[in-house]
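Here is the structure we will look at, set down as C-alpha cells.
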2 protein chains.
Amino acid sequence: MAQKELKEFIDNASQIYLSHLSLDCVVFGFHDGQLKVLLLKMKNSDRWSLPGGFIKQAESMETAAIRVLNERTGLDSIFLQQFHVFSDPGRSDNKEKNAHLRRAGIAVPAGHWFMQRFLSVGFYALVDFSTVTPQPDAFSDDCAWWDIGETGQLILDHSRILFKALEVLRLQLHYQPIGYNLLPPKFTMPELQKLYETILGRKLDRRNFHRKILSYEILRPLKEKRQGVAHKAPQLYSFDTIKYQKALKEGLGGI
Amino acid sequence: MAQKELKEFIDNASQIYLSHLSLDCVVFGFHDGQLKVLLLKMKNSDRWSLPGGFIKQAESMETAAIRVLNERTGLDSIFLQQFHVFSDPGRSDNKEKNAHLRRAGIAVPAGHWFMQRFLSVGFYALVDFSTVTPQPDAFSDDCAWWDIGETGQLILDHSRILFKALEVLRLQLHYQPIGYNLLPPKFTMPELQKLYETILGRKLDRRNFHRKILSYEILRPLKEKRQGVAHKAPQLYSFDTIKYQKALKEGLGGI
DNA sequence: CCAAAAGTGTTGTTTTTACACCCATGA
DNA sequence: TCATGGGTGTAAAAACAACACTTTTGG
C-alpha cells in the first residue's frame, strides 16, 4: 500500500526544494539524569532517523531548519545551530532509499530528484525536555526521545551526525554556558551538575562545581527550595537571561 | 571582448557541478608581523574575492575545497577546515553577477545555472606564507596576500565570510595550538608570540608567553640560533609534530 | 660601551583541587 | 535517629600575572 503523503511529497519536491541539499537536526534534551535525542521512526521501516528535510528555493538554512523541525516533530521556535556539513559522496545511499520506497510501494524513475546525491547540513538544538511534546508527521509513525548511546543504528549516516553533534556539544561546554535550554526554568544545583556530568561523561566534585558555576554569575537563586524530596531541600535557581546571553557571546573565561 | 575561459566555464558548469552550492576559501598567512589573507582579483573587475568555486557531482566538500584552491591559486595539498554555511537568500546577488558578465561581454539566459541562488560553504586554512607562491587562474588577473583589515569591500558577502573565519580562528586559539601552518619550519619565540598577538589583537607578556608555550611541550628547541639579526641572537624552535597533532585532537588545557 | 632585544628568576595573587564538616529531611 | 543528599569552609597545590635582572649582539 502506497503512502499518499510520501508520494505527493516526492512528486512535487523538485519544484519546491533546492537540489542536492538537505538538513538534519540533532535535538538534545535532558531527563532522569540522561541526555536524550529526539528521533523519528519512518513508516514502513523499523529504523529511526534524525528529523531532517529540505531547503526551499528562497530560504536560508537557518529558517529551513526551524521549519523542518516544526513540520516533522511539532517543536516550535527552537534555536538551532549549524555545526557541520556532511558531504561524503557515499552518505546518501540509494540502496537504502530504494528499499524504503519499495516497502512503501512507491516507484520513482531513475534520475529523479529524490534519487540525487544529497549533502546535509547538521544543526543541533538544546531543548527543555519537559515543555516539549513531540508529534510525528505524516511520514513517521513515531517521534520519541532516545537515550544517547541506546539509539542503535540509525538510517544513512545519521549515527555519525549524532556523534559529531555530541562532540561539538562537549567542546562548547568548556567556553559557553549550557543549561538554559536543557533544564526547566527552575532547577537545583545538583540537577545542573548532573547535566554537565552527563554531557562530559565524567563525575565532577559537587562543592567545586557549585562554586565554579556561581562564579560565572549567570544564576539567580530563588527564594524557594524544591519541596517534597527526600533529604535536605535543595535551593532552586533560574538563569539570569541577560547575563546568560552575554556569556554566550563573550565566552565564560572572559578570555 | 569576451573571455573565452569564463564563457566556456559557464556553459559547461551545469553538467559538471552541483547546483546551488559553492565554496569559498579563507587562506590565512603570516608575514612581517601581519596576518594576511589570500585574495583574487577577477578580470574585468576592480574588486577582490576569496578563492571560491563549485562542487563536482560526486565529490566531497573537503575534496572540492582542496581542488578549487589549487585550481584558482596554485596552492597545493592545503588542509582546509569547513567553518560555516552561508545561506542568506540575498547573498548571491544577481545584480553584481550580471554587471560582471556585462563587463566581460558574456550573455547568459535568464534561469541559467550561473544565475541560480548559491549557498556557500566556508573553509579556512593556515599556510606558511614563505613557502607559497600564489598564481592567479584564467579568470583572475591577480592573486595576492592582503593585510587583514585592509582588504576593502570584497565581492558579494566575502567580507562577511572573512570576518567569520577570523572569529573562528580567534576562538580556536584558546584551546588548540596554532602556528604549525603559519610559520616557517624554524622560528623564534618572539615570532610565535607576534603571531598570537596579531590574531588576538592584543599584547602578551613576553616572559609569561615563553613559559606558557613551553609548558604545552609542542616545541623542540633547535641547536641553532637565528643569525645576522641585531641584538641577542634568539633561539630557534620547530614544532614537535607528534605532540602538536596530539594537542590538536585533545585540546591544550587537557580539559 | 650602549641601546635594544632575548633569556631566566622571583614573588604575590588567583584559581583549582581535594578534602572535612554541618544541616535538613523522610523514612 | 539515622542514612542520605545538600550546603559551606579551608588548606595545599597549581596556574597566572607582574615584575627585575642578566645576557648577547650590532653599531
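Letters go in sequence order (proteins before strands), and every chain restarts at 1. The basis for the numbers below is simple: all heavy atoms, side chains too, and nothing from hydrogens, waters or symmetry mates.
- Between B/Lys41 and B/Asp141 there is a salt bridge, with a side-chain nitrogen of the basic residue lying less than 4.0 Å from a carboxylate oxygen of the acidic one.
- With B/Glu197 as the fixed residue, the salt bridge (Lys or Arg N to Asp or Glu O under 4.0 Å) test singles out one of B/Arg170, B/Lys203, B/Arg206: B/Lys203.
- Taking the 5' to 3' direction, DNA chain C first and last meets chain A under 4.0 angstrom from a heavy atom at C/dT16 to C/dG26.
- Taking each heavy atom of A/Ile178 and A/Leu192 in turn, the nearest pair found is O-CD1, 4.0 Å.
- One atom, CZ of B/Arg211, and another, C1' of D/dC16, lie 9 Å apart when rounded to the nearest Å.
- Taking every heavy atom of both residues into account, A/Pro134 and A/Trp145 meet most closely at CG-NE1, 3.7 Å.
- Relative orientation of the A/Phe239 and A/Phe187 rings is tilted, given thresholds of 30° and 60° on the angle between their planes.
- Under the 3.5 Å distance criterion, the side-chain polar atoms of B/Gln81 are left unmatched by any main-chain donor or acceptor of B/Tyr124.
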Please tabulate, one pair per line, each protein N/O and nucleotide N/O from nucleotides 5-8 of chain D that are separated by under 3.5 Å, including the distance.
from, atom 1, to, atom 2, distance (Å)
D/dG7, OP1, A/Gln235, N, 2.6
D/dG7, N7, A/Arg206, NH1, 2.6
D/dG7, O6, A/Arg206, NH1, 3.4
D/dG7, O6, A/Arg206, NH2, 2.8

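- Between the side chain of A/Arg72 and the main chain of A/Gly52, a donor-acceptor pair closer than 3.5 Å is present.
- Per the geometry, NZ belonging to B/Lys212 stands 9 Å off P belonging to D/dA15, to the nearest Å.
- The shortest heavy-atom contact between B/Leu195 and B/Gly179 is CD2-CA, 3.8 Å.
- Contact of B/Arg226 with D/dT24 (side chain to base): no donor-acceptor pair of N or O atoms is detected under 3.5 Å.
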